[in-house]
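Order of appearance sets the numbers: ligands from 1, and atoms from 1 within every ligand.
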Amino acid sequence: MSERLVLAAKERDDADPLADRRAGFVLDDVVYLDGNSLGALPAAVPGRVEDVVRRQWGELRIRSWDESGWWTAPERIGDRIAPLVGAAAGQIVVGDSTSVNVFKALVGAVRLVDDGRDEILVDATTFPTDGYIAGSAARLTGRTLRPVTPDEVPAALSERTAAVLLNHVDYRTGRLHDLPSLTAAVRAAGAVAVWDLCHSAGALPVGLDEHGVDLAVGCTYKYLNGGPGSPAYLYVRQGLQDRFDSPLPGWNSHTEPFGMREEYAPVAGARRGRVGTPDILSMLALEAALDVWDGVRVEDVREKSLALTDFFLECVAAYVPAGRVESLTPVRHEERGSQVALRCADAAEVMDRLVGRGVVGDFRSPDVLRFGFTPLYVGFADVERAARLLAEELR
Ligand SMILES: *Cc1c(COP(=O)(O)O)cnc(C)c1O
């Protein structure tokens, strides 16, 4: 143990403006560094879910679609996520999984450009589901799919490019890609970018409106702590909404859902991204989970996130014998998300032992130890302890 690092951790925890947020979560002594896979449980959720189940469903039954605001929940909760990703109200709808929303957004993107554009670019390093869905979207729309790394995108763009599917933060390495410049390059080429925000929303400012993003999707169970399988969201820029042609035009996005019309007529606004009946229990658990963000500035979250990952790397350098692990985490802050990825041949066994000692990160095949830092509930003393126990397990 290093006195200096323990002291540094204490000083930073004492000065942390977000330190009080931890009390809003159900946590124990475990150092939980897996919030980039499943966020911890916000304390407000169990009571709200109990009310939704017992009173709204159990007593009000069908009346809750109106009286408990069930019908409008997808847009209402979208508006609560909006400020966290830099979007004005009326552009985000919550529902379905990220995978399904990638499909809607990507096919919708291709339908926004003319038929002559016959290629879809996909992030070659993407989370697998995005790649699978992009392959199917390409087949359905008669386009060719070309995997390229985000760095290669500017050079790969041409008058053939219809759409580009990109991850904001690489799930494996934690590398943050340059959303403003890539979005501008895609737009300048006359194509449409779709951003997957799964590993950035709730961890850093995204600036969707500011950077002119057209379409984006993201999940809510990672840094937004919505709970296992909580519904994802779809962002369609206001100026595009009238032209957005969803490949899944369900009755929930009809102008008159209860008119039971034979002909489909897409509603205006964010609701156009809806498909079928929303998953109310998960959705209202998410709504309660978002209370922890009240009064939080995403800029402060980002500042703490970078301080946490810097401090973890500093502790790892101090405690772990040189050469035992290789960091895949970008050194430059502009390229770093909110996680640290360390590579070592025996990563799977090391992580198993570490979890057994109360430090929970995760393992990504074939050799990556992944540690996610959720600034709302991870502190600097947690970070020092995690690095110290990791070093012991690596010895
Ligand atoms: C977590 C994650 C997903 C998950 O998709 P689901 O449909 O929720 O299973 C998709 N894309 C990325 C980049 C992710 O990190």
Side-chain angles (χ1 to χ4, degrees), residues 33-40 74 77-78 81 84-85 92-107 109 120-137 145 147-150 153 163-177 179 182 193-204 206 208 213 215-235 247-248 273 275-276 278-279 282-283 285-286 289 305 328-329 336-341 361-365 368 370-374:
L33 303 180
D34 215 358
N36 54 340
S37 213
L38 177 66
I77 301 170
I81 293 171
L84 303 176
V85 290
I92 294 183
V93 69
V94 175
D96 310 312
S97 63
T98 303
S99 302
V100 171
N101 282 296
V102 166
F103 178 77
K104 288 186 244 175
L106 193 56
V107 174
I120 296 175
L121 302 181
V122 64
D123 184 341
T125 58
T126 188
F127 187 88
T129 203
D130 299 51
Y132 308 153
I133 302 270
S136 176
L145 187 70
V148 291
T149 65
V153 164
V164 185
L165 175 60
L166 289 160
N167 285 192
H168 195 193
V169 171
D170 183 298
Y171 77 101
R172 212 184 272 115
T173 62
R175 162 104 188 258
L176 171 64
H177 296 296
L179 177 143
L182 286 167
V194 176
W195 284 96
D196 184 328
L197 310 177
C198 280
H199 282 273
S200 59
L204 51 99
V206 179
L208 290 178
V213 170
L215 295 158
V217 304
C219 72
T220 61
Y221 50 77
K222 292 172 184 167
Y223 295 103
L224 297 178
N225 316 301
S230 59
Y233 56 91
L234 170 69
Y235 165 92
L248 294 172
V275 185
D279 30 16
S282 293
M283 195 161 308
L286 165 64
S305 156
L328 303 178
T329 311
R336 193 187 299 167
S338 199
Q339 75 178 47
V340 167
D362 60 25
F363 162 73
R364 282 295 174 269
S365 183
V368 175
R370 212 173 62 140
F371 301 94
F373 296 84
T374 303

| query | Tyr223 and His199: which non-hydrogen atoms are nearest, and at how many Å? | reply | CE1-O, 3.6 Å
| request: Side-chain contact test, heavy atoms from C-beta onward, threshold under 4.5 Å: evaluate it for Leu197 versus Val85 and give yes or no. | output: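 When only atoms from C-beta onward are counted, Val85 and Leu197 do touch, with a gap below 4.5 Å.
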| said: I'd like to know if the side chain of Asn167 reaches the main chain of Phe127, judged simply by a donor and an acceptor atom lying under 3.5 Å from each other, with no hydrogens or angles considered. | reply: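 Yes, the answer is positive, given that a donor and an acceptor are paired below the 3.5 Å cut-off.
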| message | For Gly95, is there any backbone N or O sitting under 3.5 Å from a side-chain donor or acceptor partner on Asn101? | response | yes
| Going through the distances and angles, do Thr126 and Asp196 end up as a side chain to side chain contact (heavy atoms under 4.5 Å, CB included)? | CA-CA 9 Å; Thr126 188; Asp196 184 328; 5.7 Å; no
| field | ligand 1: protein residues within heavy-atom distance under 4.0 Å | value |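 The answer is Ser97, Thr98, Ser99, Phe127, Thr129, Asp130, Asn167, Asp196, Cys198, His199, Tyr221, Lys222, counting any residue whose heavy atom sits under 4.0 Å from ligand 1.
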| task | Sort out for me which residue in Thr98, Ile133, Asp130 forms a side-chain contact (heavy atoms from CB on, under 4.5 Å) with Phe103. | result |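 One option only clears the test, and that one is Ile133.
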